[in-house]
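So that the names make sense, note that chain A is the first sequence line, chain B the second, and so on, each numbered from 1.
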Protein chains: 2
Amino acid sequence: MKKRPTIIDVAQAAGVSKSTVSLVLQESPLVKAETVELVRKTMAQLGYVYNRAAANLRSANAGLIGLVINDLRNPFFTEFATTAQMAFSAKGYATVLANTDEDTSLQLQVVGSMIEHGVSGILISPSYGDERLCFDLLARAQVPTMQVLRHVDRRCDLFPLFAPDNHRGAILATEHLLDAGAKKIAFVGGLEGRSITDERLSGYLEAIQEAGLEPIRMLGRSSRTFGRETAIDLSENHPDIDGAVCFNDLVALGMLSGFNQIGRQAGRDFKLIGFDDIEECSEVWPKLSSVSCDIKDFAAEAAVTMLGWLETAKKPEPVRRGGVELVARMSSLGNVSI
Amino acid sequence: MKKRPTIIDVAQAAGVSKSTVSLVLQESPLVKAETVELVRKTMAQLGYVYNRAAANLRSANAGLIGLVINDLRNPFFTEFATTAQMAFSAKGYATVLANTDEDTSLQLQVVGSMIEHGVSGILISPSYGDERLCFDLLARAQVPTMQVLRHVDRRCDLFPLFAPDNHRGAILATEHLLDAGAKKIAFVGGLEGRSITDERLSGYLEAIQEAGLEPIRMLGRSSRTFGRETAIDLSENHPDIDGAVCFNDLVALGMLSGFNQIGRQAGRDFKLIGFDDIEECSEVWPKLSSVSCDIKDFAAEAAVTMLGWLETAKKPEPVRRGGVELVARMSSLGNVSI
DNA sequence: GTTCAAATTTGGAACGTTCTAAAAATAGAA
DNA sequence: TTCTATTTTTAGAACGTTCCAAATTTGAAC
């Protein structure tokens, strides 16, 4: 088990100085083409591998970006994380990923670990709760940090926010159900006091009041199970409710399952719409209407913004909202062909 | 923008040597309790953050583990990745994650990047294809690497394999459908020539031939869409087929959607079972039977094995199979209560 | 041949840790 | 006291890069 060759070994073998080898590694235009060739060849021969830890020690760019996600099991966040990771990868950055499972103390720990590792920047979809310690740590360490998807720390001047326009999305969804003929529409799922819930709920309320109707809140966990139970409860105890704007697609998909179970069909006599437009929406039957924030584009844009911040050292605007779009499918139209 | 304090600053402020500070960082029992106290306090005061790059340069343990996943969007792999990441995190290791999207050239690139970053070990669920370059690289760099879930590089003495017992799982699934009364059972989904497909298919074939029946292969992509299309095709063109062992849960869930669409109910006149037992199986209706390899346990076990390898420098056994268990639910039983 | 500028290469000092061997402090026994 | 054994602390050399300033080579113009 002998150790890896260093640039000094390469320099020796190639008959140049270690500085030259270093310049080759950095693709500097200073060094002559033939020399580059020679050094590259020698590296390949010796099986040289670059030691970033050493480089980082000197130059303070680890080529590492942190990605902190509150719930990686939710396909919406999975899609965000993988897309962002691949965008970083394409620019030569490796991604340190951590799932915090909505646990702020875990979040504090992993963020600390990332700072130790010298990440150049952090994208965080933060856990709700006592996040102060975590963000204070980030502020002290002066690590460029963007809040994505969720709005937790209010110091957006320090930690810029980039999130979909949830308020507007919920308005679109609610108006769409009204257009589709629903008369009594509930808002299902989402826990009170969380930024996303508040934003989506407020959009729903605005549209409902605009239409002169009474809002119906059925808040709860944003899980399939909650959706399924609610669908069954709704049919049994509130048969007059004929539409639901769901907090997210998981809840809506759960409702779809519930309807299947009791033999009711969304789209025909019940207008259903989700939020996030995860892939599964177009793969179930009946296909689920949803509000899309084009999560792939969103994630790629978030990654680009972070990379821009790192390159130019210019902080992005404090609050930025990503566009949302209504995707009407069978669950709200009742039209088999869509 | 002034720079972070180092152990030298801490040492100075606390009136001890940098060696002492270093020992405190390593929680060495050598240093007196009062001194530890003093140093800790000083660190907190100065807002000291540990620089792992520097430490790594000297001691060659970056506290970083690589996780390379072929398809992070599949909930089965998501679950594996998050569980493993959290297990590593608990032991003080940060996780560098990369999704390769079944692309071997991307895989080569990210593995190279991980090696540069000095990961202590790599857990890889490899992409199918030309994986040779990637594994040769790993062999040269002498990074402890475990193949998980999938079997690609045959050099298991170099790259130990830890995967569920797919063969046995498929036997259990097939026998279960036979017990449940199915007379004509197809194997649906999975692409030929891939280790998991081969293993699961062979289990199915064995059980089918054991029962004196004719196997029916309907291989294809392992997506919901393929499952849905197959379900519809089956009902139209092969009404005699009354059971399906699916390559994985996604295919089975797709079939469930297809059945919903055409008004057929799995469990009653069609016996359906998936593989992997992802959470969604018990959240849809009808609930989906599946073969569980207890992915959380599996992932935790994989993480522990890797950590053990790193600590003891003793390579794990070349091939190890995780246990599988049949989880019978409504889609194969027709019993509403389960 | 010189000369000068431009192009290319190079030594050596960082960077912030860990580790080794040795020094210093402390405590207990004589 | 003095000595010894033990505990605690420390100086200084690594580790593998990058970066600066300076040295060397090249080549074109005289």
Side-chain angles (χ1 to χ4, degrees), chain A residues 1-40 42-43 46-64 92 113 115-120 141, chain B residues 1-40 42-43 46-64 92 113 115-120 141:
Chain A
M1 179 90 92
K2 65 193 252 292
K3 64 197 204 358
R4 299 180 184 169
T6 73
I7 53 169
I8 298 188
D9 300 319
V10 174
Q12 229 148 40
V16 296
S17 77
K18 64 176 167 30
S19 302
T20 305
V21 179
S22 174
L23 289 174
V24 171
L25 283 172
Q26 295 166 77
E27 308 196 338
S28 158
L30 289 177
V31 24
K32 218 194 326 184
E34 305 160 41
T35 315
V36 173
E37 180 91 350
L38 170 66
V39 171
R40 287 258 165 77
T42 315
M43 282 184 188
L46 298 189
Y48 168 79
V49 288
Y50 186 58
N51 182 334
R52 267 175 191 276
N56 180 222
L57 182 54
R58 187 75 178 98
S59 73
N61 177 6
L64 229 42
S113 161
I115 293 173
E116 281 184 8
H117 281 285
V119 292
S120 307
Chain B
M1 179 89 93
K2 64 195 252 291
K3 63 195 204 359
R4 299 180 184 168
T6 73
I7 52 168
I8 298 187
D9 300 319
V10 174
Q12 229 148 39
V16 297
S17 76
K18 64 176 168 25
S19 302
T20 305
V21 178
S22 174
L23 289 174
V24 171
L25 283 173
Q26 294 165 77
E27 309 197 335
S28 159
L30 287 178
V31 20
K32 218 197 321 186
E34 306 160 40
T35 315
V36 173
E37 180 91 353
L38 170 65
V39 171
R40 287 258 164 77
T42 314
M43 282 186 190
L46 299 188
Y48 168 79
V49 289
Y50 186 58
N51 183 332
R52 267 174 191 274
N56 181 28
L57 183 54
R58 185 73 178 105
S59 72
N61 176 6
L64 230 41
S113 161
I115 294 174
E116 282 185 8
H117 280 286
V119 292
S120 307

**Asked** Ala11(B) and Lys18(B): which non-hydrogen atoms are nearest, and at how many Å?
**Response** CB-N, 3.6 Å
**Options dT10(C), dT9(C), dT18(D), nucleotide nearest the side-chain atoms of Thr35(A)** = dT9(C)
**Request:** Go through the side-chain N and O atoms of Ser17(A) and Thr20(A) and say whether any donor and acceptor fall under 3.5 Å apart.
**Result:** yes
**Request:** Using whole Å, report how far CG of Leu23(B) lies from P of dA22(C).
**Result:** 17 Å
**Asked** Any side-chain N or O of Ser22(B) less than 4.0 Å from the OP1 or OP2 oxygen of dT17(C)?
**Response** no
**Request:** Mind checking the CG-NE2 spacing from Asn56(A) to His117(B)? Nearest 0.5 Å is all I need.
**Result:** 9.0 Å
**Prompt:** Does the side chain of Val10(B) reach to within under 4.5 Å of the side chain of Leu46(B), using non-hydrogen atoms?
**Reply:** yes
**Prompt:** Could you state the interatomic distance from CG (Leu64(B)) to CZ (Arg52(A)), rounded to the nearest 0.5 Å?
**Reply:** 11.5 Å
**Message:** Looking only at the side chain of Thr20(B) (C-beta and beyond, no hydrogens), which of the listed nucleotides dT9(D), dT18(C), dT18(D) gets closest?
**Reply:** dT9(D)
**Asked** Taking the side chain of Leu30(A) as its heavy atoms from C-beta onward, which of dT18(D), dT8(C), dT10(D) lies nearest to it?
**Response** dT8(C)
**Message:** Can you identify which nucleotide, out of dT18(D), dT18(C), dT8(C), has its nearest atom closest to the Lys18(A) side chain?
**Reply:** dT18(D)
**Message:** Side chain of Ser59(B), heavy atoms from C-beta onward: which of dC19(C), dT17(C), dT9(D) has the nearest atom to it?
**Reply:** dC19(C)
**Fill in**
By nearest-heavy-atom nucleotide on DNA chain C, the more 5' of Lys32(B) and Ala53(B) is Ala53(B)
**Message:** What is the separation between atom CD1 on Ile7(A) and atom P on dG16(D), rounded to the nearest whole Å?
**Reply:** 10 Å
**Asked** In this structure, which one of Asp9(A), Val21(A), Thr42(A), Ile7(A) forms a side chain to side chain contact (heavy atoms under 4.5 Å, CB included) with Tyr48(A)?
**Response** Ile7(A)
**Spacing of Tyr50(B) atom OH and Ser113(A) atom OG [to the nearest 0.5 Å]** = 11.5 Å
**Between C1' of dT17(D) and CD1 of Ile8(A), the distance in whole Å** = 9 Å
**Request:** Provide, to the nearest angstrom, the distance between the CG atom belonging to Asn56(A) and the C1' atom belonging to dT17(C).
**Result:** 12 Å
**Request:** Would you kindly compare Val16(B) and Ala54(A) by the position of their nearest DNA chain D nucleotide and give the one closer to the 5′ end?
**Result:** Val16(B)
**Message:** As a test of reading the structure: which of dT18(C), dT18(D), dG16(D) is closest to the side chain of Gln26(A), going by heavy atoms?
**Reply:** dT18(D)
**Request:** Of all the heavy-atom pairs spanning Ser120(A) and Ala62(A), show the shortest one and how long it is.
**Result:** OG-N, 4.0 Å
**Item:** Whole-Å distance separating the CD atom of Glu34(A) from the P atom of dT25(D)
**Value:** 16 Å
**Request:** Please determine if a side-chain N or O atom of Ser17(A) lies less than 4.0 Å away from the OP1 or OP2 oxygen of dT10(C).
**Result:** yes
**Item:** Arg4(A) CZ to dC15(D) C1', straight-line distance once rounded to whole Å
**Value:** 13 Å
**Asked** What is the distance, rounded to the nearest whole Å, between atom CZ of Arg58(A) and atom C1' of dT18(D)?
**Response** 5 Å
**Prompt:** How sharply is the helix from dG1(C)-dC30(D) to dA30(C)-dT1(D) bent, taking the axes over five pairs at either end and rounding to 10 degrees?
**Reply:** 50°
**Request:** Round to the nearest Å and state the distance from Leu25(B) atom CG to dG16(C) atom P.
**Result:** 14 Å
**Request:** Can you figure out which of dT10(D), dT17(C), dC19(D) approaches the side chain of Tyr50(B) most closely?
**Result:** dT17(C)
